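To keep things clear, I will list the structure first and then write my remarks on it.
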Amino acid sequence: MLKIVQTKPYDDQKMGTAGLRKKSKVAMQENYVENFVQSIFDAIGGVEGKTFILGGDGRFYNKIALQKILKMSAANGMKKIIVGQNGYLSTPTSSRVLLKNKADGGFVLTASHNPGGPNGDFGIKYAIASGGQCPTSLSDKIYENSKKISEYKTLDTADVDLSTISKQNLAGMEIEIIDSLNDYINMMEEIFDFPAIKKLFANGFRFVFDAMNAVTGPYALKIFEEILGAPKGTVRNYVPMEDFGGLHPDPNLIYAKSLVDLMYSDDAPDMGAANDGDGDRNMILGKKFFVTPSDSLAILTDNYKLIPAYKNGIYGVAKSAATSTAVGRVAQALNIGYYEVPTGWKYFCNLMDSKRITFCGEESFGTGSSHIREKDGIWAVLFWLNIIAVTGKSVEEITREHWQKYGRSYYMRNDYEIADAEVANLLMKDLENRLPSLEGKTFGNYTVSEAKPFVYNDPVDGSSTKNGLIIYFTDKSRIVYRLSGTGSSGATLRVYLERYETEKFAENVEQMLESLADVSRQIGEITERTGKTKADLLT
Ligand code: G1P
Ligand code: ZN
């Protein structure tokens, strides 16, 4: 039965870098999810006659929010909604399903790599018909709606059973529950050389994949163990859990600790990889060896010819401004287009839609291609396995050869957690005002050649976005400052450090970047303003 519910607006439903992300307790407030969803429906002129995609990474509160969205969709006159079995859809799969079904939009219930559970985070990503996250112009409109919403439509009805592949009807709306694995796996088989990778495993290549108790577990089990024949035990932490088993499902050197420990032990397998909560991030490790995401993007791009789907040529490549410039050197050598965009996957989408780029990536462990409009963790892992299978080289050899050929960008991200968001905002504002005065100044061994805000003018829709501040030095080093847009409380100041070398490849990245880190604190007045003499998290 249709029910119109009176509600009061919340004032904090502004989407960040990747959708709406909140503490679970915030999202669980009365009508919180409903307000946001109705604000979206209203901003796009209603959903009557439209088809949507729905799923999530299985984290805490997914089950409840899924039912709320299903009932609201039906009550708002949606024609059809396609839901992953048991409510699961990884972020890459959701984009695939959306594109394949030419759906009008989609919801993925995830806070990505943030911890889950009652004390963790919850989130809603909203995608548009192009398969990517909604552009800022639309999210602004949704935010405005959310601040004045007074009622929403829902149904007074029993919950929908999402456990079996089926077609159901909810007050006139078709609900199709799909097996989301098969279709995604078929797509991977079309892109990569599965027989070559199968042979690699048959020849004893040792690989470990850590699904971090999150949504890619079932995909990885099926792809790596069942189809590609890697031995049982290759895939770890493969059962998706509401709280990720207490893990922080972020594949980096800090949070994927057990995998990192294994890969740095004397019995390390040949390759290790991990994905995040919703399956769009990846980390690649060799035996006692770590590949930075910036290098990974550059290496994949340089090796595109080894992959069946790309061997006939690729369009250009793009990276976020904060990502190292490694891939830029490859783009130049390959003579393909090269774009620098603000942080956030949505900025790559127009470039993919207009066939300007095929590959793209971010320093934050995101890599992907135009097969979908989201980053794709398993895709990146298969890409590496395919390169290894064809070249017979190890992860370390491939990376070192890359440095020999192109030089090396020593790279690190320093995160400063600042409890008072005002302190962080002011730090950025004052630094921006000081930028012109920095040019030509020397700090230790580093002389500033240029200092300016990063401004991106989208070549497709003409929109302009300002995100972060960049300091360039005469030796090609760079520092990028920006505030995180995915946190759920306080502020995180991200400082990205890059130093380019062509000859001496020292092993210790932290040491190589130590003086640049000092310079970054000095230029940003970080210690003075926050009391912090070093970053809280280095990735
Ligand atoms: C972070 C990453 C960014 C990524 C986003 C979503 O955003 O830095 O690259 O696109 O998560 O996964 P941030 O918190 O920096 O705004
Ligand atoms: Zn993610």
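This one's a predicted model, so the numbers in the text were calculated from it and none came from an experiment. Order of listing sets the numbers, starting from 1, for every ligand and every atom in it.
Judged purely by distance below 3.5 Å, without hydrogens or angles, the side chains of Lys534 and Asn414 never pair a donor atom with an acceptor atom. For the residue pair Thr367/Asn282, the side-chain donor-acceptor check at 3.5 Å is satisfied. Using modelled atom types and a 3.5 Å distance limit, the side chains of Asp458 and Thr465 yield no donor-acceptor pair. The closest side-chain donor-acceptor pair between Tyr411 and Arg499, if any, does not fall under 3.5 angstrom. Residues Ser320 and Trp345 bring no donor and acceptor atom of their side chains to less than 3.5 Å of each other.
The atom of Asp278 that is an N, O or S and sits closest to the Zn ion (ligand 2) is OD1. Between the Zn ion (ligand 2) and the N, O or S atoms of Asp276, the shortest distance is to OD2.
Here is the list of ligand 1 atoms found below 4.0 Å of a heavy atom in Arg494: 8 (O), 13 (P), 14 (O), 15 (O). Atom numbering of ligand 1 starts at 1 in the shown order; those under 4.0 Å from a heavy atom of Gly485 are 13 (P), 14 (O), 16 (O).
Checking only distances, Arg21 never comes within under 3.5 Å of ligand 1, N or O to N or O. Residue-to-ligand polar distances place Arg482 within reach of ligand 1: an N/O pair is separated by less than 3.5 Å. Residue Thr343 has no nitrogen or oxygen atom sitting less than 3.5 Å from a nitrogen or oxygen atom of ligand 1, judged on distance alone. Remark: ligand 1 and Glu362 share an N or O pair separated by less than 3.5 Å (distance only, no angle test). Polar contact check, Tyr496 against ligand 1: no nitrogen or oxygen pair lies under 3.5 Å apart.
In this structure, Gly344 has a heavy atom closer than 4.0 Å to ligand 1. The shell of residues lying under 4.0 angstrom from ligand 1, judged by heavy atoms, includes Arg413.
Both tests do not hold together for Lys452 against Phe454: distance to the six-membered ring centre under 6.0 Å, angle to the ring axis within 45°.
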